[in-house]
Amino acid sequence: MTQEISPAFVDPLADLASRQVQIEAAHRAQGVFARVFRLAADPAGGIQPLAEARQQCHDWCRAGATPDAQALRLGLLLTGLDQWGVAFSQAFEIAAIPPLTMLIGDLRTVLDTAAEARFQRHFEQIEVDEAAAIDFKIELRRAIHMALWHAMSAGADLAAAQPVLQTLGSLLVSLDARMPTLGWRLVADTLAHVQIGLLGHPELPTLARTGTQALLQALRDTLAQARYERIMAHATRALLDWQQARAATRQ
């Protein structure tokens, strides 16, 4: 399921991190977060998994061709880990994820003054410039949103899934607000993948559909009408493209 909704833009970080590197960064952040989240849930695993995750992060960042490229890789990883942590803390009402906090701190403390300055510059640029590392942002937010959607779908009922559903809706609304030019496209990307998930996996629990309906209604009620309609039109086009591509492969 790789349908893309990519805007026309100039990514100021593309020379330091290609689309492939940005997507890899999003995948690595997801994988590392999954490991530390499991460790937080079961501390009996010891500190070895955390040490291994830290070393893998260091090795991947050092693979950058230049000090700036290395600093950007670290900025991407820490941005991803932070956003995963915030989303899951809110969705599952967790006060803190100690292994995640420790890992992020460890990755920062080894930097010298010059490396810290390079890292901070790129980290802030990712945050304030909508187009900066846009392929990373698309891949990262899609993964986070879809993870929450699947968690919501696996709930006992709509009431039990409400904290996850509310978090997902809040993340989508805040994404649109924080990225007024490109954010709506990322929201549309998520909603397209949600609809693709429903069509492509009819075996999903009924809650997947009822929860999605509740999510769409919440977005309709919260977003400006023109904004919501633009998002849904974009998502629908992506869904139709996916359906046509799937039909073509079956011929």
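On a predicted model such as this, the values are computed, not experimentally measured, just so you know. What's counted below: heavy atoms across the whole structure, side chains too, no hydrogens, waters or symmetry copies.
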Colleague: Enter the distance from Thr212:OG1 to Gln195:CD here, rounded to the nearest 0.5 Å.
Modeller: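 Between atom OG1 of Thr212 and atom CD of Gln195 there are 8.5 Å.
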
Colleague: Only one of Leu140, Ile138, Ile144 forms a side chain to side chain contact (heavy atoms under 4.5 Å, CB included) with Arg142, so which one is it?
Modeller: Ile138

Colleague: Within the side chain of Ser170, is there an N or O that forms a donor-acceptor pair under 3.5 Å with the backbone of Gln166?
Modeller: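 Such a contact is absent between Ser170 side chain and Gln166 backbone.
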
Colleague: Between Leu175 and Met179, is the side-chain contact (heavy atoms from CB on, under 4.5 Å) condition met? List the steps.
Modeller: CA-CA 6 Å; Leu175 177 60; Met179 298 177 64; 3.5 Å; yes

Colleague: Check whether more than 12 heavy atoms from other residues, nucleotides or ligands sit under 6.0 Å from atom CG of Asp15, and answer yes or no.
Modeller: no

Colleague: Nearest heavy-atom pair of Phe119 and Gly75: which atoms, and what distance?
Modeller: CE1-CA, 3.6 Å

Colleague: Should the heavy atoms of other residues, nucleotides or ligands under 6.0 Å from CZ of Arg178 be counted, would the total exceed 12?
Modeller: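 Open: at most 12 neighbouring heavy atoms sit under 6.0 Å from CZ of Arg178.
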
Colleague: Show your working on side-chain contact (heavy atoms from CB on, under 4.5 Å) between Thr66 and Leu16 and close with a plain yes or no.
Modeller: CA-CA 8 Å; Thr66 66; Leu16 291 175; 4.3 Å; yes

Colleague: Where is the tightest heavy-atom contact between Glu130 and Lys137, given as atom of each residue plus distance?
Modeller: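 Result for this residue pair: O-NZ, 3.2 Å.
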
Colleague: Would you kindly confirm whether Leu148 and Leu198 end up in one hydrophobic cluster when ILVMFWY residues are joined by side chain heavy atoms under 4.5 Å apart?
Modeller: yes

Colleague: Taking Trp184 as the starting point, is it possible to reach Leu223 by hopping between hydrophobic residues whose side chains are less than 4.5 Å apart?
Modeller: yes

Colleague: Test side-chain contact (heavy atoms from CB on, under 4.5 Å) on Glu127 and Thr79; report intermediate values, then the result.
Modeller: CA-CA 8 Å; Glu127 173 65 23; Thr79 296; 5.9 Å; no

Colleague: Going by the side chain to side chain contact (heavy atoms under 4.5 Å, CB included) test, name the single residue among Phe92, Phe37, Trp84 that passes it with Ile97.
Modeller: Phe37

Colleague: How far does CG of Leu76 sit from CD1 of Ile23, to the nearest 0.5 angstrom?
Modeller: 12.0 Å

Colleague: For the residue pair His193 and Trp149, is the inter-centroid distance of their aromatic rings smaller than 6.0 Å?
Modeller: no

Colleague: As an exercise, state the distance from CG of Leu215 to CG of Leu165, rounded to the nearest 0.5 Å.
Modeller: 5.5 Å

Colleague: Whether Arg19 and Asp11 form a salt bridge (side-chain N of Lys/Arg under 4.0 Å from carboxylate O of Asp/Glu) is what I want to check.
Modeller: no

Colleague: Tell me the closest heavy-atom pair linking Ala17 and Gln22, and the distance in Å.
Modeller: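 For Ala17 and Gln22, the tightest heavy-atom pair comes out as O-NE2, 3.0 Å.
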
Colleague: State the CG-OH distance between Leu216 and Tyr228, to the nearest 0.5 angstrom.
Modeller: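 Spacing of CG (Leu216) from OH (Tyr228) equals 4.5 Å.
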
Colleague: Is there a continuous path of hydrophobic side-chain contacts, each under 4.5 Å between heavy atoms, that joins Leu81 to Trp60?
Modeller: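 In one cluster with Leu81: Trp60, no.
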
Colleague: Looking at Asp82 and Ile104, what are the two nearest heavy atoms and their distance?
Modeller: N-CD1, 4.5 Å

Colleague: In Å and rounded to the nearest 0.5 Å, what is the CD1 to NE2 distance from Ile196 to His201?
Modeller: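 So the CD1 of Ile196 and the NE2 of His201 are separated by 10.0 Å.
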
Colleague: Ignoring hydrogens and geometry, is there a side-chain-to-backbone donor-acceptor pair from Thr222 to Leu219 under 3.5 Å?
Modeller: no

Colleague: Can His122 and Asp68 be said to form a side-chain contact (heavy atoms from CB on, under 4.5 Å), step by step?
Modeller: CA-CA 8 Å; His122 292 311; Asp68 261 330; 3.1 Å; yes

Colleague: Can you tell me how far apart CD (Gln70) and CG (Leu74) are? Round to the nearest 0.5 Å.
Modeller: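 The CG atom of Leu74 is 10.0 Å from CD of Gln70, to the nearest 0.5 Å.
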
Colleague: If you compare all heavy atoms of Val32 against all heavy atoms of Ala53, which two are closest, and at what distance to 0.1 Å?
Modeller: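 Reported closest heavy-atom pair: CG1-CB, 4.3 Å.
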
Colleague: Judged by modelled atom types alone, do Glu124 and Gln120 share a side-chain donor-acceptor pair under 3.5 Å?
Modeller: yes

Colleague: Taking all non-hydrogen atoms of both residues into account, name the closest pair between Ala160 and Asp157 and its distance.
Modeller: N-OD1, 2.7 Å

Colleague: Would you kindly confirm whether Leu103 and Val86 end up in one hydrophobic cluster when ILVMFWY residues are joined by side chain heavy atoms under 4.5 Å apart?
Modeller: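 Different hydrophobic clusters.
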
